[in-house]
Amino acid sequence: MKPKVATSNNAPVSDEKTKKAHENWIEGIDPSLEVMSAIPLVLSTPVKLLAENRITDKKHLFVRNIQDLDEGMTMEPLPLEGWVIELSGLIMPYRVLIQAKDLLDMEQVEYEMILQCSGNGRNNFGGIKGTPWDQGGVGNVRFTGVPLKAILARYNVQVDPQVKYITGEGQDAAMGLEKPDFEHSIPAADVLDRGILALKLNGEPLPGIHGGPVRLVTPGLFGTMQIKWLTRLRFETAESANFYHATEYRVPNTLLKPGEKFKFSLENSRPTWDIRLMSYIFEPLPGAHLKAGPVSIRGVAYNDGKAPIESVLVSIDKGKGWTPAELQIPDSPFSWYEWKTEQTLKRGTHEIWARATDALGRSQPLDGRIFWNPNGYEWTGVFKSGVTVE
Ligand SMILES: Nc1nc2c(c(=O)[nH]1)N[C@H]1C(S)=C(S)[C@@H](COP(=O)(O)O)O[C@H]1N2
Ligand SMILES: [Mo]
């Protein structure tokens with residue numbers, strides 16, 4: 001298979017980067033995914049592919065490695081045989097080794113859920129360093145695995161009531177001396193409530209590139225908290241001081257002005273844990289050329305699963321008037337909600353806007369830049385699709 005050379009809209013990928021990625025193109029990944037970085041591998045999904053199916057096919061699913069794992073650079077599953085996950089920290093017994101293959105004999109649960117990088121939509125903030133994500137760092141997938149709670153019960157592990165965080169580590173290692181090894185702390189309450197050690201993606205063994213053979217998956221949290229190639233869980237009283245947890249992947253507790261300097265500490269900021277409210281317009285796609293008259297408009301909306309999405313409003317006149325779209329309530333609170341409506345468009349150029357609101361009263365700001373933050377995380381602004389009507 002000879003993949004096409006892909007470019008990102010806002011940040012043309014350097015020829016060198018694209019060449020490198022394509023020399024080692026992973027068989028089974030759609031060649032129209034955009035190369036954001038070759039090493040570590042970062043691939044973005046064109047929105048038109050997201051729009052094709054309710055469940056994002058594994059060949060279309062974005063890839064975001066902060067660190068590559070050599071044996072994980074494949075769409076094939078990695079062997080469960082010999083893979084060990086260590087539990088340590090404030091637990092009794094103080095160290096427990098779990099053979100990944102034994103998880104197959106336990107009861108499995110499945111979540112249909114959003115997997116989304118917290119940097120998704122970063123380009124909307126304008127001029128922020130980091131992976132230049134447009135809207136392609138998200139997918140709606142099914143993860144299947146064994147609840148951590150059930151594993152603790154099965155292995156007779158007692159968790160000290162002082163434990164507040166569970167820190168996950170993967171088999172991958174730092175890709176240079178200047179950076180530490182990636183890890184994240186997740187509130188123990190969330191992981192114990194619904195975290196699973198996932199063995200499957202969309203009903204098939206987890207591909208190496210998506211964290212096989214075992215991945216810590218906690219529905220409702222941003223992608224960076226979904227630890228691939230899981231090798232260890234530490235039960236702790238405090239959040240990790242690791243660079244990726246304590247400095248990166250955080251947002252300030254206060255609103256900043258665009259460009260304002262900010263020094264992150266554990267106290268003045270919080271990790272990008274819960275997925276922010278989002279909407280997408282899948283049809284018509286940005287840049288579409290349409291015929292005047294009735295136009296079918298459809299898309300999706302999602303949040304962290306803590307409250308149902310109550311409405312998606314659509315505007316064809318930059319927010320002067322809004323029409324409620326027909327919303328389809330999914331079985332899983334963690335997956336995306338599909339919505340649709342029909343509007344009559346006159347000749348000219350238009351912006352179609354979509355705005356979601358949930359039962360906690362949260363709604364998307366008309367201008368998402370009010371949540372500007374130095375690393376451009378958690379974009380939650382109204383989705384805007386510019387189209388031309390002839
Ligand atoms: N061990 C490990 N887990 C990881 C990462 C990583 O580099 N190493 N990247 C994280 C980030 S930032 C994201 S957005 C998701 C991406 O998941 P995907 O590559 O399956 O799409 O994995 C997360 N889990
Ligand atoms: Mo991410």
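Each ligand, and each atom within it, is numbered from 1 in the order the structure gives. The structure presented is a predicted model; accordingly, all values stated were derived computationally and were not measured.
- Taking the six-membered ring where the residue is Trp, W336 and F282 present perpendicular rings, their angle passing 60° and hence far from 30°.
- Applying the side-chain hydrogen bond (donor to acceptor under 3.5 Å, both in side chains) test to D367 and every residue at least two apart in sequence or in another chain returns R369.
- A donor and an acceptor atom, one from each side chain of E378 and T272, are nowhere located under 3.5 Å apart.
- Under a 4.0 Å N-O distance rule, the pair K59/E27 does not qualify as a salt bridge.
- Compare F222, F182, Y244 by their heavy atoms: the one nearest to atom 5 (C) of ligand 1 is in F182.
- If you run side-chain contact (heavy atoms from CB on, under 4.5 Å) between Q135 and each of N123, L50, N124, only N124 comes through.
- Classification of the W322-W353 ring pair by plane angle, with boundaries at 30° and 60°, yields tilted.
- Considering only non-hydrogen atoms, atom 14 (S) of ligand 1 lies nearest to C117 out of G72, C117, G168.
- With 3.5 Å as the limit, one finds a donor-acceptor pair spanning the side chains of Q67 and D181.
- Around atom 16 (C) of ligand 1, the closest heavy atom drawn from Q171, M175, R64 belongs to R64.
- Residue-to-ligand polar distances keep Q116 apart from ligand 1: every N/O pair is separated by 3.5 Å or more.
- Counting heavy atoms from C-beta on, the side chains of I275 and N303 never come closer than 4.5 Å.
- Shortest contact from atom 7 (O) of ligand 1 to any protein heavy atom: I66 N, 2.6 Å.
- To the nearest 0.5 Å, atoms CZ (R142) and CD (E204) are separated by 9.0 Å.
- The shortest heavy-atom distance from R215 to ligand 1 is under 4.0 Å.
- The shortest N or O to N or O distance between Q67 and ligand 1 is below 3.5 Å.
- For D190, the side-chain hydrogen bond (donor to acceptor under 3.5 Å, both in side chains) partners at least two apart in sequence or on another chain are R194.
- Considering only non-hydrogen protein atoms, atom 8 (N) of ligand 1 sits nearest to D172 OD2, 2.8 Å.
- Residue-ligand proximity, T224 to ligand 1, at heavy-atom distances under 4.0 Å covers atoms 10 (C), 11 (C), 12 (S), 13 (C), 14 (S), 23 (C).
- Interface atoms of ligand 1 facing N65, defined by a heavy-atom separation under 4.0 Å, are 7 (O).
- In terms of protein heavy atoms, atom 23 (C) of ligand 1 is closest to G223 O, 3.2 Å.
- Close N/O approach between G170 and ligand 1 is not found [any backbone or side-chain N/O within under 3.5 Å].
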Just do the salt bridge (Lys or Arg N to Asp or Glu O under 4.0 Å) check on R276 and D304 with the steps written out, would you?
CA-CA 6 Å; R276 292 291 286 269; D304 53 11; over 6 Å; no
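- Protein heavy atom nearest atom 24 (N) of ligand 1, with residue, atom name and distance: Q226 O, 2.9 Å.
- With hydrogens left out, the protein atom closest to atom 19 (O) of ligand 1 is K228 NZ, 2.5 Å, a heavy atom.
- Between F62 and ligand 1, at least one pair of N/O atoms sits closer than 3.5 Å.
- Look at L115 and you'll find a heavy atom under 4.0 Å from some atom of ligand 1.
- The closest approach between Y249 and ligand 1 falls below 4.0 Å for a heavy atom of the residue.
- Taking a cut-off of under 4.0 Å to the non-hydrogen atoms of H210, the atoms of ligand 1 that pass are 18 (P), 19 (O), 20 (O), 21 (O).
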